[in-house]
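Computed over heavy atoms, backbone and side chain alike; hydrogens, waters and symmetry mates excluded. Note that the coordinates shown come from a computational prediction; the quantities given were computed from them, not determined experimentally. The sequence lines fix the lettering, A, B, ..., with proteins before strands; numbering per chain opens at 1.
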Amino acid sequence: MIFPKKLITWYLQNKRSMPWRETTDPYRIWLSEIILQQTRVAQGLPYYLSFIDHYPTVFDLANAKEEEVLKLWQGLGYYSRARNLHTTAKYIANNLEGVFPTTYKDLLQLKGVGDYTASAIASICYNEVVPVVDGNVYRVLSRYFNVDTPINSTQGIKEFKKLAWEMIDPEQPATFNQAIMEFGALQCKPQSPYCIVCPLNDSCEALKKGTVASLPIKLKKLKVKKRYFNYLIFSVKDQQTIIKQRKGKGIWQNLYEFPLIETEKEVGLDYIKDNDVFKSLLNNVDYDIILHETEFKIHKLSHQHLYTRFYIIKTEEPPKINGESNIVGIEKIREYPVPILIGNFIDSFF
DNA sequence: AAGACGGGGTA
DNA sequence: TACCCAGTCTT
C-alpha cells in the first residue's frame, strides 16, 4: 500500500471525534478552520461550540456587534481572526445571500482565508482536489521524504506544496487532507513521535537516516521586544472605573483595557504622577494612588514581553475623561472584550 | 522576505 | 526554556 492509502487507513482507525467532522456545512467548516489557525484543538473546541451556540448561521454572526464577537473570542488570541471572521460573515450574508464561495480560488478572496483555509474548505466541503499544507503536513512530509528545506522559506513553501500535490489522493481529497493533518497531530508529533508503531516506518526516509527529531527545519527565532505597561486602575467611590478601547495598529486592536502609560523602561510612582495623561485625567481631582504589586506582571506574547504594573487610583469624583475613555460601573466591566492580561487582573482585583 | 499578531500546552 | 499549534496579513 502506498502513502496516501496507508494514511487514510490509519486515519479511519484513529481519528478523533470532533463536532466539525459531523458536517460539510461550509459555515461550520470555515468557522472551525479560522478558530484552529495556530491553535490546538483542545483550546479551540470550546470556542467553536460557543460560536455555534450563539451564531447558528452566518446571518446570526453577520448581525452581531463586533464587540460581542470579540468577547466570545476573548482568550483565543490573534484577534484579527475574530475581526476578519465578522467582516467575512457580513460580506457573505449581505453580498452573497449567505452562500459561501465553492472553489479554492474564490474562497481565497475572503478576508482571513489564506492558502491553507481555502484549501481546507474547498476539499472538505466540495471535494475539490487541493492539498492543505499546515504545520502538521510540513512535519509529516519533511520527515517522510527527509527534506531539510526550511518550511518557512519561499523555497520550502513551494517545495512542500508540490509534494502535497503529488501525494494527495484525487479520489478522496477531503479524507486525505484530514488524514495527513490528524496523522501529524497524533502520530508524527513534533516531539517523541511514535515511529516504532508507525504504519509508514518502513518507508520513512527520516527514520532511515535518523533525522526525525531534527525535522522539519524552521528558520530564525524572532527576537522578543520588552515593553513596559503602566495601567491606571481608577476606583471612583469604589463603584466605577475607566476603560478604553485600543485603536489603530498593534496588539489587541479593538479590545478594551485600562488607561495605559507605556514607557521605555521601568518607571516609578513619581514618573506616573508627572505624566501628562495622568495629570489631565486628575486635573483638580483629589486622589489616592498606590502601586498594586511591587513585582512586574510579565505577560508573554510570542513576539514581546509586557512588563506590567497596575496603579490603583481612588477618587471621590469622576476623573476628567475625554471622548476615548469610558467611565463604567464595576459590575459592567466583565461585559467588555479584554486581553487575558486585563481579564486576569479584573478577576483578581474586582 | 521579514515582521506582526496571542495564548496555552509540552518536554 | 524552547518549541509548537488545522496561518494570515502587512510592510
How would you label the contact of Arg83(A) with the nucleic acid (heavy atoms, under 4.0 Å): base, sugar-phosphate, or nothing?
nothing
Provide, to the nearest angstrom, the distance between the CD atom belonging to Gln253(A) and the C1' atom belonging to dA4(B).
12 Å
Can you tell me, in whole Å, how much space there is between the P of dA11(B) and that of dA6(C)?
14 Å
Only pairs under 3.5 Å count here: list side-chain donor-acceptor contacts from residues 45-56 of chain A, not counting sequence neighbours, and write none if there are none.
{"residue": "Tyr47(A)", "atom": "OH", "partner": "Gln74(A)", "partner atom": "O", "Å": "2.8"}
{"residue": "His54(A)", "atom": "ND1", "partner": "Ser50(A)", "partner atom": "O", "Å": "2.9"}
{"residue": "Tyr55(A)", "atom": "OH", "partner": "Glu68(A)", "partner atom": "OE1", "Å": "2.8"}

Would you please say whether a donor-acceptor pair under 3.5 Å links the side chains of Ser235(A) and Asp238(A)?
yes
Between dA2(C) (C1') and Lys223(A) (NZ): distance, integer Å
18 Å
Residue Ile251(A), side-chain atoms from C-beta onward, closest of dC5(B), dC5(C), dA6(C):
dC5(B)
For Leu12(A), does the CG atom sit with more than 12 other heavy atoms under 6.0 Å from it, leaving out its own atoms?
yes
Nearest whole angstrom, please: distance from the P of dA6(C) to the CD of Gln178(A).
13 Å
Of the nucleotides dT8(C), dC5(C), dA6(C), which one has an atom closest to the side chain of Lys218(A)?
dC5(C)
Distance check needed: dG7(B) C1' versus Ile298(A) CD1, whole Å only.
16 Å
Could you run down the sub-3.5 Å N/O contacts of the protein with nucleotides 8-11 of chain B?
{"residue": "dG8(B)", "atom": "N2", "partner": "Arg40(A)", "partner atom": "NH1", "Å": "2.4"}

Rounding to a whole Å, what distance do you find between Ile342(A):CD1 and dG7(B):P?
10 Å
Linking directly or through intermediates, with side-chain heavy atoms under 4.5 Å: list the remaining ILVMFWY members grouped with Val267(A), chain and number order.
Leu232(A), Phe234(A), Ile242(A), Ile261(A), Leu269(A), Tyr271(A), Ile272(A), Val277(A), Phe278(A), Leu281(A), Leu282(A), Val285(A), Tyr287(A), Ile289(A), Leu291(A), Tyr311(A), Ile313(A), Ile321(A), Ile327(A)
So what does Gly44(A) touch, heavy atoms closer than 4.0 Å: a base, only the sugar-phosphate, or nothing?
nothing
To the nearest Å, how far apart are Leu186(A) CG and dC4(C) P?
18 Å
Hydrogens and angles aside, do Gln109(A) and Asp106(A) bring a side-chain donor and acceptor to less than 3.5 Å of each other?
no
Are Glu159(A) and Thr149(A) close enough, and set up right, to give a side-chain hydrogen bond (donor to acceptor under 3.5 Å, both in side chains), and what steps lead you there?
CA-CA 8 Å; Glu159(A) 204 169 318; Thr149(A) 312; 3.1 Å; yes
Closest to side chain of His303(A), choosing from dC4(C), dA6(C), dC5(B)
dC5(B)
Which whole-number value in Å describes the distance from Gln38(A) CD to dG7(C) C1'?
5 Å
Measure centre to centre between the rings of Tyr79(A) and Trp252(A), then say whether the value is under 6.0 Å.
no
What I want to check is whether an N or O donor and acceptor connect the side chain of Tyr78(A) with the base of dG6(B) at under 3.5 Å.
yes
With the criterion being N/O to N/O and under 3.5 Å, what pairs connect the protein with nucleotides 9-11 of chain C, and how long is each?
{"residue": "dC9(C)", "atom": "OP1", "partner": "Gly112(A)", "partner atom": "N", "Å": "2.4"}

Contact class for Leu76(A) vs. all strands (heavy atom < 4.0 Å): base, sugar-phosphate, or nothing?
base
For Asn177(A), which contact category applies under a 4.0 Å heavy-atom criterion: base, sugar-phosphate, or nothing?
nothing
Sort out for me which residue in Phe229(A), Tyr231(A), Phe349(A) forms a ring pair (Phe, Tyr, Trp, His ring centres under 6.0 Å) with Phe310(A).
Tyr231(A)
Nearest whole angstrom, please: distance from the C1' of dA6(C) to the CG of Leu36(A).
5 Å
For nucleotides dT10(C) and dG6(B), find the distance between their P atoms and express it as a whole number of Å.
14 Å
From dA6(C), dT8(C), dG7(B), pick the nucleotide closest to the side chain of Gln37(A)?
dT8(C)
Residue pairs involving residues 315-344 of chain A (criterion ring pair (Phe, Tyr, Trp, His ring centres under 6.0 Å); sequence neighbours excluded):
Tyr256(A)-Tyr336(A)
Hey, does the side-chain of Arg227(A) have a donor or acceptor N/O within less than 3.5 Å of a partner on the base of dA4(B)?
no
Under 4.5 Å side-chain linkage, directly or through intermediates, the cluster mates of Val99(A):
none
Is there a side-chain polar atom (N or O) of Trp252(A) under 4.0 Å from OP1 or OP2 of dG7(B)?
yes
Closest-nucleotide 5' rank along DNA chain B - winner of Gln304(A) and Gln155(A):
Gln155(A)
Are Tyr138(A) and dC4(C) close enough that a side-chain N or O sits under 4.0 Å from OP1 or OP2?
no
Describe the nucleic acid contact of Trp73(A) in one word from base, sugar-phosphate, nothing, applying a heavy-atom distance below 4.0 Å.
nothing
So, taking the atom named OH in Tyr126(A) and the one named CD1 in Ile29(A), what distance separates them when rounded to the nearest 0.5 Å?
10.0 Å
Would you kindly check whether a donor in the side chain of Ser302(A) faces an acceptor in the base of dG7(B), or vice versa, at under 3.5 angstrom?
no
